[in-house]
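Read through the structure below, which is laid out as structure tokens, and then see the notes.
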Amino acid sequence: MSIKLSKDNADLFLKEFAKELRKVNKNVHMDIIIVGGGSVLLNYNFRTMTEDFDIIKPHKLLDIKEPARKIQEKYSLSSDWINDNFLKTESYTPKLRYYCKFYKTYSNYIHYYTISDEYLIAMKLKSFRDYKNDISDILGILYENKDINYDKVKTAYINLYDDLEIEKKEILSDIMNIPRNQLLQSYNKMKKFKAYNRTKFIHDNLNELDEKNDFSNESEDEAENDFWYASNSDVVLIP
């Protein structure tokens, strides 16, 4: 059974990967951008695990497979624990390089960057998958950064994709209309209904709940306790 990437081990694996990259490429500075669930994991508290690190390489010819394989075998990770498959997805754009933020440097030459806040939300909307973590990630990001608003997300979307029409803008509007003191409750409801149609869940204003899972009377403190439970439980995490 492969080890999952978590807050506890993420930096170790990135550091080890950097060492292997430097062995192959000697004293060459490299900027690597981490996106997706990996970026959520590194920037926020509500996610404690991710399936893999999706990255943008500094150039197409850089071979990451052999360095990645060595770390995989050393620590019993999944075969694609770090990969560049993201480059083939809808949410990829070369403009991400202009909106990433520095994370850490390892081995003096390998510099990691991440995407966060409204730019990460914009990417989630572009690649929107109803069955994955996209909606719950947006709820978590909004809870941890109260300064994000609809206009900031729209500007980020335009900057990244040169498109005035936001993908899934109705869903974004519904999410942005959730009062801040209900974001934690919304996150928990989303995570606990693992097989639920999440788009409908948001459109129905979070009202279609099983009685035993109704959190409508929870205080924000109680919701926060549930929030951390949902974030840290293997049972409710969805790849």
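- Checked options Ser78, Ser2, Pro67, Ser79; the residue passing with Gln72 is Ser79 (criterion: side chain to side chain contact (heavy atoms under 4.5 Å, CB included)).
- In this structure, Ser6 contributes its side chain and Asp8 its backbone to a donor-acceptor pair below 3.5 Å.
- Note on Tyr187: it clusters hydrophobically with Ile171, by side-chain heavy-atom contacts below 4.5 Å among ILVMFWY residues.
- Counting heavy atoms from C-beta outward, Leu87 and Lys60 have side chains that stay 4.5 Å or more apart.
- In this structure, Asn145 contributes its side chain and Leu142 its backbone to no donor-acceptor pair below 3.5 Å.
- Annotation for Leu164: hydrophobic cluster partners, listed by chain and number, are Ile158 (ILVMFWY side-chain heavy atoms under 4.5 Å, direct or chained).
- Side-chain contact check for Thr89 versus Ser127: every heavy-atom pair is 4.5 Å or farther apart.
- In this structure, Ala10 and Leu41 approach most closely via the heavy-atom pair CB-CD2, 4.1 Å.
- For the pair Ala18 and Ser107, the tightest heavy-atom approach, listed with the atom from each and the gap, is C-OG, 3.9 Å.
- Between His111 and His29, the ring planes are parallel. Angles under 30° get that label, and only those over 60° would be called perpendicular.
- Heavy atoms from other residues, nucleotides or ligands lying under 6.0 Å from NZ of Lys126 number more than 12.
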Requested in this report: Quick one: do Asn85 and Asp80 satisfy side-chain hydrogen bond (donor to acceptor under 3.5 Å, both in side chains)? Show the steps, please.
Outcome: CA-CA 9 Å; Asn85 298 334; Asp80 61 347; 5.1 Å; no
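- In the model, Asn43 has no side-chain atom that pairs as donor or acceptor with a side-chain atom of Ser116 under 3.5 Å.
- In terms of hydrophobic clustering, with Ile, Leu, Val, Met, Phe, Trp and Tyr side chains grouped at heavy-atom distances under 4.5 Å, Met30 and Phe13 are assigned to a common cluster.
- For Ser39 (side chain) and Ile34 (main-chain N/O), a donor-acceptor pair under 3.5 Å exists by modelled atom type.
- Distance check: Met176 CE to Leu183 CG gives 9.0 Å after rounding to the nearest 0.5 Å.
- Nearest heavy atoms, Ala68 versus Phe17: N-CE1, 3.7 Å.
- When all heavy atoms of Gln185 and Asn181 are compared, the pair lying nearest together is NE2-O, 4.0 Å.
- Counting heavy atoms from C-beta outward, Thr105 and Ile110 have side chains that stay 4.5 Å or more apart.
- Listed for the Asn9 side chain is a donor-acceptor partner under 3.5 Å among the backbone atoms of Lys4.
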Report task. For side-chain contact (heavy atoms from CB on, under 4.5 Å), just list the numbers for Thr114 and Ile33, CA-CA rounded to whole Å, side-chain angles, deciding distance to a tenth of an Å, and then say yes or no. Result -> CA-CA 5 Å; Thr114 63; Ile33 304 173; over 6 Å; no
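- In this structure, Leu120 CG and Ile115 CD1 are separated by 7.5 Å, a value rounded to the nearest 0.5 Å.
- Applying the side chain to side chain contact (heavy atoms under 4.5 Å, CB included) criterion to Asn177, with sequence neighbours excluded, gives no partner residue.
- If you check the side chains of Asp117 and Tyr44, you find a donor sitting under 3.5 Å from an acceptor.
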Requested in this report: List the steps and the verdict of side-chain contact (heavy atoms from CB on, under 4.5 Å) for Ile121 and Ile148.
Outcome: CA-CA 10 Å; Ile121 292 176; Ile148 299 174; 4.1 Å; yes
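- The distance from atom CG of Asn159 to atom OG1 of Thr93, rounded to the nearest 0.5 Å, is 10.0 Å.
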Query raised in the report: How far apart are the C-alpha atoms of Tyr143 and Phe46, what are their side-chain angles, what is the distance that settles it, and do they pass the ring-ring contact (aromatic ring centres under 6.0 Å, His included) test?
Result: CA-CA 9 Å; Tyr143 176 74; Phe46 66 89; 9.0 Å; no
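- Both Leu5 and Tyr106 are part of a single hydrophobic cluster, where members link through side-chain heavy atoms under 4.5 Å apart.
- Annotation: Lys152, atom NZ; neighbour count of heavy atoms from other residues, nucleotides and ligands within 6.0 Å is above 12.
- The distance from the NZ atom of Lys57 to the CG atom of Asp84 is 4.0 Å, given to the nearest 0.5 Å.
- Atoms CD1 and OG, from Ile175 and Ser186 in turn, are 9.0 Å apart once rounded to the nearest 0.5 Å.
- Counting only heavy atoms from C-beta outward, the side chains of Leu160 and Tyr98 never approach each other to under 4.5 Å.
- In this structure, the side chain of Tyr112 engages the main chain of Leu14 through a donor-acceptor pair within 3.5 Å.
- Looking at Glu118 and Tyr150, their side chains never come closer than 4.5 Å, going by heavy atoms from C-beta outward.
- One hydrophobic cluster holds both Trp81 and Tyr75 under the rule that ILVMFWY side chains link at heavy-atom gaps under 4.5 Å.
- For Lys7, the NZ atom counts as densely surrounded, since its 6.0 Å shell holds more than 12 non-hydrogen atoms of other residues, nucleotides or ligands.
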Query raised in the report: Hey, mind stepping through Tyr113 and Ile32 against side-chain contact (heavy atoms from CB on, under 4.5 Å) and telling me if it holds?
Result: CA-CA 6 Å; Tyr113 294 79; Ile32 294 176; over 6 Å; no
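- Here the two rings, on Tyr119 and Tyr99, have centers that are under 6.0 Å apart.
- Atom CZ of Phe102 has more than 12 heavy atoms from other residues, nucleotides or ligands within 6.0 Å.
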Requested in this report: Any chance you could lay out the side-chain contact (heavy atoms from CB on, under 4.5 Å) test for Ile55 and Asn83, step after step, and finish with the verdict?
Outcome: CA-CA 6 Å; Ile55 65 169; Asn83 64 79; over 6 Å; no
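- Hydrophobic clustering of Ile, Leu, Val, Met, Phe, Trp and Tyr side chains at less than 4.5 Å, counting indirect connections, unites Leu77 with Ile64.
- Counting heavy atoms from C-beta on, the side chains of Asn45 and Glu144 come closer than 4.5 Å.
- Applying the salt bridge (charged side-chain N to carboxylate O under 4.0 Å, His left out) test to every pair with at least one member in residues 95-110, sequence neighbours left out, gives these pairs: Asp11-Lys104, Lys95-Asp162.
- Considering CD of Glu66 and CD of Glu20, their distance stands at 8.5 Å, rounded to 0.5 Å.
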